[in-house]
K.L.:
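Input: one structure, supplied below.
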Amino acid sequence: MTPDDRIKLEPVWKQALREEFDKPYMADLREFLRQEHVAGKEIYPPGPLIFNALNLTPLDKIKVVILGQDPYHGPGQAHGLCFSVPPGISVPPSLVNIYKELKRDLNIDIANHGCLLHWAEQGVLLLNTTMTVERANAASHAKKGWEHFTDRIIQVVSEQQPKLVFLLWGAHAQSKQKLIDATKHLVLTSVHPSPLSAYRGFIGNGHFSRTNKFLEQNGLAPIDWKLPAV
């Protein structure tokens, strides 16, 4: 992985992250992924979609950041956007609860699919802090180097962009709070939307309406959270 023509990375991101691709941890990560492929392991998401969150949401267009942990590890699920799955794939349980809170908070009808492309295109960065995973092996690529890369992404976003909203759901996402300048950004935290915790504070957190209120107060268009039918 080097920011050359082999990696399709949106130009503003490529410039902002250029130095990361030359660091030792990235060489180690590159070698780890190469060995996984040589061993015949199935890695998600497919290579062209690893940087999908960055390519769909350029640095200078971000309004909101939602952090996930690592990609879905079932066939056909992961496409580079946290919590999201391509059209035609069953909506995962955590996303079902996100939709329930949208309905409660903003009375937005629950979508019949799990593709969050519409959010990404409006400036919602849907970033997994680990960007690849082995099939059927959750967190298998954690602590292999991705966290260094995505920590830098969070820092760059916090430093370079004014007045963003960071939605940190669950302990893992909240561990990244130290990377964010809370004096200029709105940081909203709650438990994770997982079925294990959603009814202990995710349902009822009002994060979607609070996000839009903050954006409007700062002269920005609110996010249209209603997903178009597919």
K.L.:
Taking the side chain from Asp105 and the backbone from Ser209, do they hold a donor-acceptor pair closer than 3.5 Å?
P.N.:
yes
K.L.:
Looking at CD of Gln161 and NZ of Lys163, how far apart are the two atoms once the value is rounded to the nearest 0.5 Å?
P.N.:
13.0 Å
K.L.:
Does any N or O in the side chain of Tyr72 come within less than 3.5 Å of the main-chain N or O of Pro45, such that one atom is a donor and the other an acceptor?
P.N.:
no
K.L.:
Is it the case that atom NZ in Lys178 sees more than 12 heavy atoms from other parts of the structure closer than 6.0 Å?
P.N.:
yes
K.L.:
Nearest 0.5 angstrom please: Ser158 OG to Lys176 NZ, how far?
P.N.:
14.0 Å
K.L.:
Any donor-acceptor pair under 3.5 Å linking the side chain of Asp70 with the backbone of Ala139?
P.N.:
yes
K.L.:
Strictly distance-based, threshold 3.5 Å: is any side-chain N or O of His73 a donor or acceptor partner for the main-chain N or O of Glu134?
P.N.:
no
K.L.:
Of all heavy-atom pairs between His118 and Leu227, which one has the smallest distance, and what is that distance?
P.N.:
CB-CD2, 3.9 Å
K.L.:
Among Lys100, Arg104, Lys103, whose salt bridge (Lys or Arg N to Asp or Glu O under 4.0 Å) with Asp109 holds?
P.N.:
Lys103
K.L.:
Quick one: pull up NZ in Lys14 and NZ in Lys8 and give me the separation to the nearest 0.5 Å.
P.N.:
10.5 Å
K.L.:
Could you give the distance from CZ (Phe21) to CZ (Arg30), rounded to the nearest 0.5 Å?
P.N.:
9.5 Å
K.L.:
Do side-chain atoms of Ser197 reach the backbone of His192 as a donor and acceptor pair under 3.5 angstrom?
P.N.:
yes
K.L.:
Using 0.5 Å steps for rounding, measure from the CG atom of Leu168 to the NE2 atom of His207.
P.N.:
8.5 Å
K.L.:
Flag the pair Glu216 and Lys213 as a salt bridge only when some basic side-chain nitrogen lies within less than 4.0 angstrom of an acidic carboxylate oxygen.
P.N.:
no
K.L.:
Can you check whether His141 and Phe32 have ring centres sitting under 6.0 Å from each other?
P.N.:
yes
K.L.:
Within the 4.5 Å heavy-atom criterion, are Val157 and Leu179 side-chain neighbours or not?
P.N.:
no
K.L.:
If the test is side chain to side chain contact (heavy atoms under 4.5 Å, CB included), which one of Leu17, Thr129, Leu29 qualifies with Phe149?
P.N.:
Leu17
K.L.:
A side-chain contact here means heavy atoms from C-beta on lying under 4.5 Å apart; do Ile154 and Ile180 qualify?
P.N.:
yes
K.L.:
For side chain to side chain donor-acceptor pair (under 3.5 Å), just list the numbers for Asn205 and Ser190, CA-CA rounded to whole Å, side-chain angles, deciding distance to a tenth of an Å, and then say yes or no.
P.N.:
CA-CA 7 Å; Asn205 67 21; Ser190 81; 3.2 Å; yes
K.L.:
Report the relative orientation of the aromatic rings in Trp225 and Trp119; use parallel for angles under 30°, tilted for 30 to 60°, perpendicular for over 60°.
P.N.:
perpendicular
K.L.:
So which atom in Gly206 and which in Glu101 form the shortest heavy-atom distance, rounded to 0.1 Å?
P.N.:
N-OE2, 2.9 Å
K.L.:
Would Asp181 and Thr183 count as having a side-chain donor-acceptor pair, cut-off 3.5 Å?
P.N.:
yes
K.L.:
How about Tyr25 and Trp146: are their ring centres within less than 6.0 Å of each other?
P.N.:
no
K.L.:
Is the closest side-chain heavy-atom distance between Ile98 and Phe202 below 4.5 Å?
P.N.:
yes
K.L.:
Under 6.0 Å between ring centres, would you say that holds for Tyr99 and His113?
P.N.:
no
K.L.:
Are any of the side-chain nitrogens in Glu147 or Arg152 under 4.0 Å away from the carboxylate oxygens of its partner?
P.N.:
no
K.L.:
How long is the straight-line distance from CH2 of Trp13 back to CG of Leu54, given to the nearest 0.5 Å?
P.N.:
5.5 Å
K.L.:
For Gln35 and Glu31, which I'm curious about, is there any donor-acceptor pair between the side chains at under 3.5 Å?
P.N.:
yes
K.L.:
Looking at Leu56, Thr57, Leu117, Asp224, which one forms a side chain to side chain contact (heavy atoms under 4.5 Å, CB included) with Gln122?
P.N.:
Asp224
